Participant: 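Take this structure, written in C-alpha cells, and hold onto it; I'll ask about it next.
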Amino acid sequence: MAYTIPRGTYDIIPPDSAKWQLLKERFQALAKSFGYNEITTPIFEQSDLFERSSGESSDVVQKEMYRFTDKKGRVFALRPEGTAPVVRAFVEHNLAALGNQKLYYWGPMFRYDRPQAGRYRQFYQYGLEFIGSNNPYWDAELISFLWLFIQGLGLTKMHLEINSVGCPNCSGTYEQALRDFFQPHLEQLCPDCQKRFVTKPRRLLDCKVPSCKVIAAGAPSQLEYLDEACKEHFEAVQAYLKQMEIPFVINPKIVRGLDYYSNTAFEIIYDGLGAQNSMAGGGRYNGLIEQIGGKACPAIGFAGGIERLLLALENEGIVLGSEAVPDLYIVAMGEDARTFILPEINKLRQAGIAVEFDPDKASFKAQLKAANHCKARFAAIIGEDELKTRTVALKDLVTGEQKLVPLKDLPDHCKGL
RNA sequence: GUGGGUGUAGUUCAAUGGCAGAGCACCGGAUUGUGGUUCCGGGCGUUGUGGGUUCGACUCCCAUCACCCACCCCA
C-alpha cells in the first residue's frame with residue numbers, strides 16, 4: 001500500500017455514508033423545529049482562541065491540539081471543539097445586536113489523542129449554542145433538544161445527568177473546600193490525583209483508582225456550595241425539565257473538561273459504548289464571550305460525538321438510511337433500442353425517478369440479473385417489438401408481473417412507489 | 001503520553017517450522033427476449049512493513065506501522 005490514511009482518521013464510504021447523511025438530516029430537521037440555524041466556521045483558528053477559552057492547563061490545549069505555523073509565522077490550530085469558534089464569530093460579527101442567537105453546527109474536530117473505541121483524531125461533532133439569555137428555560141430547552149434528538153433515533157440505553165458547577169463566585173469556594181478536604185489525604189492519593197489536586201480538584205471526584213474512590217466518597221458536593229442565584233437557577237432548570245417530561249438524574253460529580261463552563265453542566269451517558277461512554281455533553285458558559293473580547297453575554301451549548309451516536313445505533317441494531325436504489329432498470333435489447341431510450345432515461349430522471357442503465361451489460365439475462373442485484377423495483381424492457389409500438393414491457397421485479405405500457409405513460413407507472 | 005492484545009484474499013477465518021486454504025461477497029457461464037434458487041467456472045495474496053534465527057518462516061526473535069482494548073482525556 002503506497003499511501004495510508006492518517007492514524008485516528010477514517011473514510012466515510014458507502015454504505016456507511018448513507019447513515020451519516022440521514023443522521024445529519026434528522027439533526028438539521030429537529031434543530032430547525034427548535035428555531036436553530038446553521039453556522040459553519042473554519043476548521044482552524046488562531047491557536048490563542050482555544051488556549052484562552054478552553055484553559056491553558058486543560059489537556060486539550062496542553063497536549064491534544066494540532067498546532068501549526070503559517071508562512072508569516074502566525075500560530076493556528078485545527079479546532080479541538082466547536083464552541084470557541086462560534087463565540088468568536090458571534091463577537092466578530094456583532095451578532096449580539098440581532099437579539100438571541102440560536103445556532104447549530106456539524107463538522108470535524110481535531111485532537112491528537114491515542115485512538116480508542118469511540119475516540120478519533122479527526123472526529124465529528126454536532127452541537128447547539130444558545131447565546132443571549134440566562135433564563136433557565138433555555139438550559140432546559142437545549143437539553144430537551146438533545147434528549148429528543150437521541151431518543152428520536154430509537155436509542156434507549158442512555159440517560160441524562162445534570163449538575164451545576166456554580167459560577168465564578170461560588171465555584172472558587174467549592175474548589176477551596178475540596179482542597180481542604182483532600183489535603184490530609186494527599187499522600188495516599190494516586191499520582192494522577194496528586195496532579196489533579198493542583199490543577200483541577202474537581203477531577204479528584206471521579207478517579208477510578210479504588211483507594212482514591214474511598215477517600216473521595218466523603219468529599220463535599222458542589223451542590224452544597226452553590227450561592228443563592230446558582231441554586232435557584234439549577235432548581236429552575238430541573239423544574240423545567242420535569243415539566244417537559246425529560247428524564248434526568250443529578251450527578252454532582254459531573255465535571256466539564258473545558259474551563260469556560262459555569263452553572264448548568266450535563267451529559268448523556270450511554271451503556272454499551274465501552275470507556276468512552278459519553279455521547280454528548282454541554283453546559284452554560286456565561287463568562288466566555290466577555291473573556292474572548294465581546295460584551296458580557298450569557299450562553300449555553302452542547303456538543304455530541306457522531307461516532308458515538310453511530311456506535312450506539314449499532315449497539316441497539318438500529319439501521320438508518322440506505323444507499324441509492326433505482327426505481328427503474330432499463331433493459332434494452334439491440335443498438336436501436338439502446339439509442340432510442342437514452343433521452344427517455346434522462347426525462348424520467350428529471351421527473352424524479354431513479355433510473356439505472358448499464359451499457360456494459362450486453363445480454364438480456366445479464367441486464368435483468370443486474371436489475372435484480374441493484375434491488376430495482378421495476379425493469380423496463382425495450383426491444384424490437386416495443387420499439388415499433390413505442391411501448392415498454394414494465395416488469396415488477398418483486399411480484400414478477402409484467403405488462404405492456406405506452407412509453408409516454410411510463411413516468412406515471414413508476415410514481416407512487 | 002502509559003500498558004495489554006491483534007495483523008493471512010474485498011470480508012470472516014483456517015493452515016505441528018515443510019507445496020498458503022475455505023465460507024461469504026464479487027465476476028463470468030449453463031445454445032442468442034425474462035432476474036432471484038441451483039449447478040459449473042474464476043484467487044500469485046508483497047501472509048502489514050523491514051530486519052534476524054533456520055536447510056526451510058504465515059508460524060520463532062527484534063524493530064516499525066496500523067488497528068482493537070484499557071489508563072488518561074473527552075464528544
Side-chain angles (χ1 to χ4, degrees), chain A residues 1-2 4-10 13 54 57-65 80-83 105-127 146 150 190-193 195-196 199-200 203 206-209 254-258 266-270 273-283 301-312 329 331-334 337 360-387 392-402:
Chain A
M1 198 84 70
T4 55
I5 196 166
R7 178 162 203 203
T9 68
Y10 54 92
I13 56 178
S54 297
S57 69
S58 69
D59 278 30
V60 168
V61 168
Q62 288 236 313
K63 43 188 198 189
E64 295 173 5
M65 277 224 287
E81 58 100 25
T83 298
Y105 61 86
W106 171 289
M109 306 294 162
F110 306 82
R111 287 182 203 175
Y112 189 91
D113 226 356
R114 187 97 170 245
Q116 196 184 322
R119 189 165 83 184
Y120 301 89
R121 288 182 175 179
Q122 174 172 344
F123 59 104
Y124 291 74
Q125 284 190 337
Y126 57 93
L146 178 58
I150 290 173
C190 71
D192 280 335
C193 277
K195 281 180 214 154
R196 289 173 182 131
T199 58
K200 220 163 247 190
R203 286 263 174 238
D206 58 0
C207 181
K208 288 171 188 171
V209 176
I254 290 187
V255 182
R256 303 275 74 217
L258 309 174
F266 57 93
E267 215 163 312
I268 302 259
I269 307 292
Y270 190 83
L273 278 189
Q276 311 298 324
N277 62 356
S278 173
M279 297 185 81
F302 80 82
I306 294 158
E307 294 83 359
R308 293 180 188 179
L309 211 47
L310 289 165
L311 283 174
Y329 195 98
V331 178
M333 293 304 296
D360 284 331
K361 301 276 185 290
S363 74
F364 189 87
K365 180 174 275 192
Q367 292 183 66
L368 258 185
K369 210 169 187 172
N372 188 63
H373 187 254
C374 68
K375 300 191 173 85
R377 180 63 209 279
F378 289 103
I381 301 164
I382 179 157
E384 284 177 24
D385 297 343
E386 290 87 354
L387 195 53
V392 295
L394 188 65
K395 184 183 177 90
D396 186 320
L397 290 169
V398 176
T399 64
E401 284 169 28
Q402 185 171 330

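A note on names: the letters A, B, ... follow the listed sequences, proteins ahead of strands, and every chain is numbered from 1. All of these numbers come straight from a predicted model, not from anything done at the bench.
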Participant: Does A:Ile381 reach a base, just sugar-phosphate, or nothing at all? Heavy atoms under 4.0 Å.
Facilitator: base
Participant: Which listed nucleotide (B:C71, B:C68, B:G36) is nearest to the side chain of A:Ala275?
Facilitator: B:C71
Participant: Toward the 5' end of RNA chain B, which comes first, A:Gly8 or A:Tyr120, by nearest nucleotide?
Facilitator: A:Gly8
Participant: Could you tell me whether the side chain of A:Gln402 has a donor or acceptor atom within less than 3.5 Å of a complementary atom in the base of B:U34?
Facilitator: yes
Participant: Is any side-chain N of the basic residue among A:Asp396 and A:Arg377 closer than 4.0 Å to the acidic one's carboxylate O?
Facilitator: yes
Participant: Rounding to the closest angstrom, what is the interatomic distance between B:G17 and B:C60 at atom P?
Facilitator: 7 Å
Participant: Which one, B:G35, B:C72, B:A75, comes nearest to the side chain of A:Asp192?
Facilitator: B:C72
Participant: Can you check the distance between B:U2 and B:C72, where both ends of the measurement are the P atom (answer in whole Å)?
Facilitator: 16 Å
Participant: Within the 4.0 Å heavy-atom criterion, would you say A:Glu384 contacts the bases, only the backbone, or no part of the nucleic acid?
Facilitator: base
Participant: Which part of the nucleic acid, if any, lies within contact of A:Ala371, taking any heavy atom under 4.0 Å across all strands shown: a base, the sugar-phosphate backbone alone, or nothing?
Facilitator: nothing
Participant: Return the OH to CG distance between A:Tyr329 and A:Leu397, rounded to the nearest 0.5 Å.
Facilitator: 11.0 Å
Participant: Just call it for A:Glu64: base, sugar-phosphate, or nothing, with non-hydrogen atoms closer than 4.0 Å on any strand.
Facilitator: sugar-phosphate
Participant: With both distances kept under 3.5 Å, what pairs with B:G50, Watson-Crick or G-U wobble?
Facilitator: B:C62
Participant: Nearest to the A:Phe364 side chain among B:C72, B:G36, B:U34, which nucleotide is it?
Facilitator: B:U34
Participant: Does a nitrogen or oxygen in the side chain of A:Arg196 sit under 4.0 Å from OP1 or OP2 of B:C73?
Facilitator: yes
Participant: Find out whether A:Thr9 and A:Phe110 are in side-chain contact, i.e. whether some heavy atom of one side chain is under 4.5 Å from a heavy atom of the other.
Facilitator: no
Participant: Tell me the interatomic distance from A:Tyr329, atom OH, to B:G35, atom C1', rounded to whole angstroms.
Facilitator: 11 Å
Participant: Using a heavy-atom cut-off of under 4.0 Å over every strand shown, decide if A:Met333 touches base, sugar-phosphate, or nothing.
Facilitator: nothing
Participant: Given the P atoms of B:A22 and B:G45, what is the spacing between them in whole Å?
Facilitator: 15 Å
Participant: Please confirm whether the shortest side-chain N or O distance from A:Gln116 to OP1 or OP2 of B:A70 is below 4.0 Å.
Facilitator: yes
Participant: Tell me if the side-chain of A:Lys365 makes a donor-acceptor pair with the base of B:U34, cut-off 3.5 Å, by modelled atom types.
Facilitator: no
Participant: Any side-chain N or O of A:Arg119 under 4.0 Å from OP1/OP2 of B:C73?
Facilitator: no
Participant: Considering only the C1' atoms, how many Å lie between B:C26 and B:G56, rounded to the nearest integer?
Facilitator: 36 Å
Participant: Between the main-chain N or O of A:Arg114 and the side-chain N or O of A:Arg119, is there a donor-acceptor pair closer than 3.5 Å?
Facilitator: yes
Participant: If the C1' atom of B:C73 is compared with that of B:U54, how far apart are they to the nearest Å?
Facilitator: 46 Å
Participant: Does atom CD (A:Glu384) have a neighbourhood of more than 12 heavy atoms from anything else shown, all under 6.0 Å?
Facilitator: no
Participant: Using a 4.0 Å heavy-atom cut-off across all strands, classify A:Gly400 as base, sugar-phosphate, or nothing.
Facilitator: base
Participant: In whole Å, what separates the P atom of B:G43 from that of B:G1?
Facilitator: 45 Å
Participant: Considering only atom P, compute the distance from B:U8 to B:A14 and round it to an integer number of Å.
Facilitator: 10 Å
Participant: With a 3.5 Å distance limit and no angle check, can you tell me whether A:Gln122 reaches the backbone of A:Tyr10 through a side-chain donor-acceptor pair?
Facilitator: no
Participant: For the backbone of A:Ser278 and the side chain of A:Arg308, can you confirm whether one donor and one acceptor N or O come within less than 3.5 Å of each other?
Facilitator: yes
Participant: Could you tell me whether A:Asp385 contacts a base, only the sugar-phosphate backbone, or nothing, with contacts defined as non-hydrogen atoms closer than 4.0 Å?
Facilitator: base
Participant: Below 3.5 Å is the cut-off: list the nitrogen or oxygen pairs between protein and nucleotides 3-8 of chain B, distance only.
Facilitator:
unit_1, atom_1, unit_2, atom_2, d
B:G3, O6, A:Arg114, NH2, 3.2

Participant: With P as the reference atom in both, quote the distance from B:U64 to B:G5 in angstrom, rounded to an integer.
Facilitator: 16 Å
Participant: Report, one pair per line, the protein and nucleotides 23-29 of chain B atoms (nitrogen or oxygen only) whose separation is under 3.5 Å.
Facilitator:
unit_1, atom_1, unit_2, atom_2, d
B:C26, OP1, A:His373, NE2, 2.6

Participant: So what does A:Gly383 hit on the nucleic acid, given a heavy-atom distance under 4.0 Å: a base, only sugar-phosphate, or nothing?
Facilitator: base
Participant: With RNA chain B as reference, determine whether A:Cys207 or A:Glu307 sits nearer its 5' end, using the nearest nucleotide of each.
Facilitator: A:Cys207
Participant: Spell out, as yes or no, whether a donor-acceptor pair under 3.5 Å connects the side chain of A:Glu267 to the backbone of A:Ile269.
Facilitator: no
Participant: Over all strands shown, is A:Gly127 touching base, sugar-phosphate only, or nothing at heavy-atom distances under 4.0 angstrom?
Facilitator: nothing
Participant: Please confirm whether the shortest side-chain N or O distance from A:Lys208 to OP1 or OP2 of B:C71 is below 4.0 Å.
Facilitator: yes
